[in-house]
A.B. asks: 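Handing you a structure now.
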Amino acid sequence: MRKRLTITGLVQGVGFRPFIYRLATEKQLTGWVKNTTEGVEIEVEGSAERLDLFIASLAQEKPAHSSIRSMQIQPLADQDQTGFFILASKAPNQAVPLISPDIATCPECLREIHDSSNRRYRYPFTNCTSCGPRYTIIRQAPYDRQTTTMNAFSMCEKCLAEYGEVTDRRFHAQPNACPVCGPAYRLANRDGRLLNPSNIGDVFSDTRRLIQQGYIVAIKGLGGFHLACNAMNETAVAELRRRKLREDKPFAVMVGSITAAKKRCRLSPHEESLLSGPIRPIVLVDKSSGYDLAKSIAPCNPRVGIMLPYTPAHELLLNEEDFWVMTSGNLSDEPIAYEENDAFARLSSIADYFLLHNREIHRRTDDSVVRIVRNEPYFFRRSRGYTPMPIELAKPVAPILACGGDLKSAFCLTQDRQAFVSAHIGDLENLSTYRYFSDSVKHYESLFHIQPQWIAHDLHPEYLSSQYAMTRDLPRIGIQHHHAHIASVLAEHSLDEPVLGVAFDGTGYGTDGTIWGGEFLVADSNHFSRAAHLLPLPLPGSSLAIRHPWRISAFILHELYGDRLASINLPFTHALPPEWPAIVKAARLGIQSPLTSSAGRLFDAAAALLSLRRSAHYEGQAAIELEMAAGTNKGEILPYKIIEGYPKRLDFFPVFDAMVRKLLSGEDIGHLAASFHVTLAHASLDTLLRIKKDTGLTKVALSGGVFQNLRLLEELTTLLEKSAFEVYRHRLVPPNDGGLALGQTLIAGKILN
Ligand code: ZN
Ligand code: ZN
Ligand code: FE
């Protein structure tokens with residue numbers, strides 16, 4: 001019996017053909033396997049029983065990083081061939097090649113670097129077809145040694161033999177290298193002067209010693225530089241904060257082993273397997289009672305972002321019990337440094353030492369940040385380990401470039417049903433991020449051979465991403481921000497019908513020229529209508545109100561109590577600066593005070609009223625601290641108002657009134673913080689029930705940066721499910737503006753159809 005198997009998916013550059021070869025030979029089948037433009041094609045011949053076994057094992061035992069999108073099986077006439085062969089692949093044509101993300105070191109390679117008798121003992125660039133760098137070193141497709149930054153190194157005889165031997169796990173492992181022929185690490189001080197490895201150890205033990213002594217070391221890794229210091233040393237962590245100009249945004253921590261992680265954090269089985277699997281993102285986990293890392297790593301936060309070593313170099317650097325801060329090598333919000341000269345220029349005021357290597361990073365990539373929500377990943381940042389794998393759309397779309405938004409920027413290129421959402425780029429607010437954005441677009445277009453015919457962008461005329469769209473000589477489609485948020489959920493879940501969309505975020509340009517951000521939309525992938533929204537409030541002093549949320553709370557309280565506000569006996573009012581009456585007055589007159597229905601700003605205002613956070617150092621900080629303050633408090637539903645009409649308006653003035661009264665009667669801050677969450681969830685449910693009455697819709701999509709607030713996400717999801725709504729949330733792209741481009745793609749594609 002002979003069969004042809006046509007397999008599509010990520011089956012190239014991940015050791016798939018050698019795996020098929022081994023499997024077929026093991027099952028004593030004859031035939032061949034070859035790469036095609038869409039995937040691999042296999043012909044196998046043998047007894048029916050063995051063929052069945054082959055097909056079953058293929059699906060079960062396939063290489064860890066491969067993924068099968070489709071498999072077609074076709075019966076053929078017997079050919080009585082002998083042997084099994086790997087046939088040469090045809091040159092790729094116009095079909096889009098899939099490029100593997102970078103993969104964490106596999107167990108077999110780990111064993112080698114710890115085995116003193118192995119020729120790769122302590123070699124930091126050890127890799128094989130199951131692991132190692134991919135996306136970060138590829139200059140262009142097809143993926144071949146010559147098209148990667150490894151072409152600077154010629155393989156030695158031994159490496160070349162592995163590379164050419166089909167049964168070897170390094171068969172066609174493009175970054176194959178060893179201490180004889182491959183790249184190497186070196187350690188320098190901040191002036192670039194090399195340090196000689198001390199005679200007992202090597203650069204890795206030397207670096208570890210420096211970290212233990214309290215120094216900050218810039219470490220060149222897979223997708224860029226990290227700034228590292230000992231996470232147990234409060235002085236070192238505080239110093240890193242000071243030098244990096246990062247006041248209180250949490251730092252990520254690399255942990256030497258899962259055992260050490262479990263002593264200080266509570267890990268669910270899902271979190272454990274994500275942490276120790278092949279992707280190894282930063283996972284946001286709960287601190288446990290044994291948590292004893294430096295206080296300033298994640299101040300007032302019950303969670304901490306941890307990751308495990310994902311390159312051989314990390315493995316050689318950290319001992320099992322080590323906890324190191326590993327934060328992006330940049331100054332506050334710039335893109336991560338990945339080139340050596342740039343790193344010295346930008347990081348020598350931060351790092352005391354530099355651990356460098358001579359393998360060029362072609363594309364920089366930040367660490368991905370994920371939380372497990374109801375046993376599924378929920379992204380805060382999608383980057384290393386995930387990109388550039390495409391997200392599969394339900395229907396083919398025209399070749400579109402969607403430019404995303406300006407904060408947490410990421411773009412998306414499409415071809416047929418594949419949406420290539422870029423790695424996290426950062427906030428488009430300076431020339432260096434803008435350049436990184438436009439370079440990345442160019443790189444993606446050439447890497448995937450996609451020539452966009454259309455360009456989709458946010459409606460905000462001042463977004464740099466919109467301005468980039470203007471520079472391209474392509475027909476443009478402007479897309480409303482919150483519609484794109486909801487469409488990104490539709491795209492992830494292949495939903496092609498109208499849904500109720502709740503889009504809560506900080507800022508998005510509305511179709512009426514005001515700033516939206518607390519939106520209840522009735523939306524499909526083509527149209528939307530604004531069925532309800534939060535009652536708009538002025539932002540006193542415009543962007544000043546975002547940095548100083550007390551301004552919004554002062555306005556709200558003044559609306560409620562007039563000038564009596566000054567005599568209310570609360571920490572909030574006592575701390576008001578003398579200029580508050582002028583600021584509130586200007587806001588009432590609409591001077592420099594644009595209106596916004598933003599949910600993010602409402603959180604800010606609540607946090608300021610509770611005196612948790614009067615001024616913010618980074619976007620969303622006040623809201624995060626409100627969530628932290630709520631903790632596990634149950635909270636209560638405070639009175640709110642829904643003003644009927646079209647659109648309906650959700651009025652939170654009564655909520656603030658109730659909070660003030662409860663504060664005055666000595667109510668606990670944590671309880672009130674929880675009550676704010678509970679109230680917003682109930683008010684949203686109430687609003688959605690009313691829209692459901694008008695429309696009959698029962699599917700709800702949740703998106704927007706505010707849904708990074710897990711308390712709100714949980715509360716609202718639970719309430720909606722109890723009321724027989726079907727809830728759709730993100731699991732492939734972040735709810736924040738990092739997911740916007742995917743939604744823009746879906747809408748533009750639908751319009752073009
Ligand atoms: Zn490996
Ligand atoms: Zn070699
Ligand atoms: Fe947004």
Side-chain angles (χ1 to χ4, degrees), residues 13-15 18 63-65 100 102-114 118-120 123-134 145 150 153-164 168-171 173-184 278 310-312 315 404-410 427 458-460 463 465 479-489 501-510 515-519 521 596-601 619-620 623 702-708 730 733-744:
V14 287
H65 314 297
S100 166
D102 303 290
I103 307 165
T105 321
C106 75
E108 277 167 287
C109 285
L110 276 185
R111 220 168 292 132
E112 290 178 342
I113 63 168
H114 292 304
N118 192 282
R119 70 188 193 94
R120 287 191 175 82
Y123 183 58
F125 296 91
T126 303
N127 67 82
C128 71
T129 46
S130 304
C131 74
R134 298 287 186 274
R145 177 87 169 193
M150 281 301 290
F153 304 90
S154 348
M155 277 183 267
C156 69
E157 235 169 80
K158 282 183 181 160
C159 286
L160 208 52
E162 296 164 337
Y163 184 86
D168 196 282
R169 79 173 212 285
R170 296 199 165 92
F171 175 65
Q174 307 303 348
N176 191 23
C178 77
V180 174
C181 65
Y310 56 84
T311 69
E315 289 286 346
D406 267 16
L407 291 179
K408 308 197 163 63
S409 158
D427 297 345
D458 194 271
L459 282 181
H460 202 310
Y463 270 6
S465 54
I479 290 164
Q480 203 280 321
H481 191 94
H482 304 96
H483 187 202
H485 269 309
I486 298 307
S488 65
V489 182
V502 184
F504 283 175
D505 67 0
T507 302
Y509 196 76
I515 308 166
W516 294 5
E519 311 306 309
L521 307 180
T596 181
S597 55
S598 163
R601 298 294 89 82
E619 152 83 18
L702 306 179
S703 188
V706 167
F707 282 108
Q708 291 180 137
H730 288 285
V733 295
N736 59 44
D737 287 4
L740 218 51
L742 180 66
Q744 292 172 345

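Hydrogens, waters and symmetry mates are skipped; everything else that's a heavy atom, side chains included, is used. FYI, the numbering just counts along the sequence from 1. Both ligands and their constituent atoms are indexed starting at 1 by order of listing.
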A.B. asks: Could you tell me the angle subtended at the Zn ion (ligand 2) by SG of Cys156 and SG of Cys181, rounded to 10°?
C.D. replies: 120°

A.B. asks: Just by distance, with hydrogens left out, do Asp406 and His460 show a side-chain donor and acceptor under 3.5 Å apart?
C.D. replies: no

A.B. asks: Side chains of Phe707 and Val489: closer than 4.5 Å at any heavy-atom pair?
C.D. replies: no

A.B. asks: Can you give me the SG-the Zn ion (ligand 2)-SG angle for Cys178 and Cys159, to 10°?
C.D. replies: 100°

A.B. asks: Take the Fe ion (ligand 3) as the vertex and measure to NE2 of His481 and NE2 of His485; round to 10°.
C.D. replies: 100°

A.B. asks: Considering only heavy atoms from C-beta outward, does the side chain of His481 approach that of Leu740 to under 4.5 Å?
C.D. replies: yes

A.B. asks: Are any of the side-chain heavy atoms of Lys408 and Asp427 separated by less than 4.5 Å?
C.D. replies: yes

A.B. asks: Counting backbone and side-chain atoms alike, does His482 have an N/O/S atom under 2.8 Å from the Fe ion (ligand 3)?
C.D. replies: no

A.B. asks: Asp737: which N/O/S atom is nearest the Fe ion (ligand 3)?
C.D. replies: OD1

A.B. asks: Please work out the angle at the Zn ion (ligand 1) defined by atom SG of Cys106 on one side and atom SG of Cys128 on the other, rounded to 10°.
C.D. replies: 100°

A.B. asks: What is the name of the N/O/S atom in Asp505 that sits closest to the Fe ion (ligand 3)?
C.D. replies: OD2

A.B. asks: Out of the candidates Cys109, Ser130, Cys131, only one should pair with Arg169 under the side chain to side chain contact (heavy atoms under 4.5 Å, CB included) rule; please name it.
C.D. replies: Cys109

A.B. asks: Could you tell me the separation between the OG1 atom of Thr126 and the CD atom of Glu108, rounded to the nearest 0.5 Å?
C.D. replies: 12.5 Å

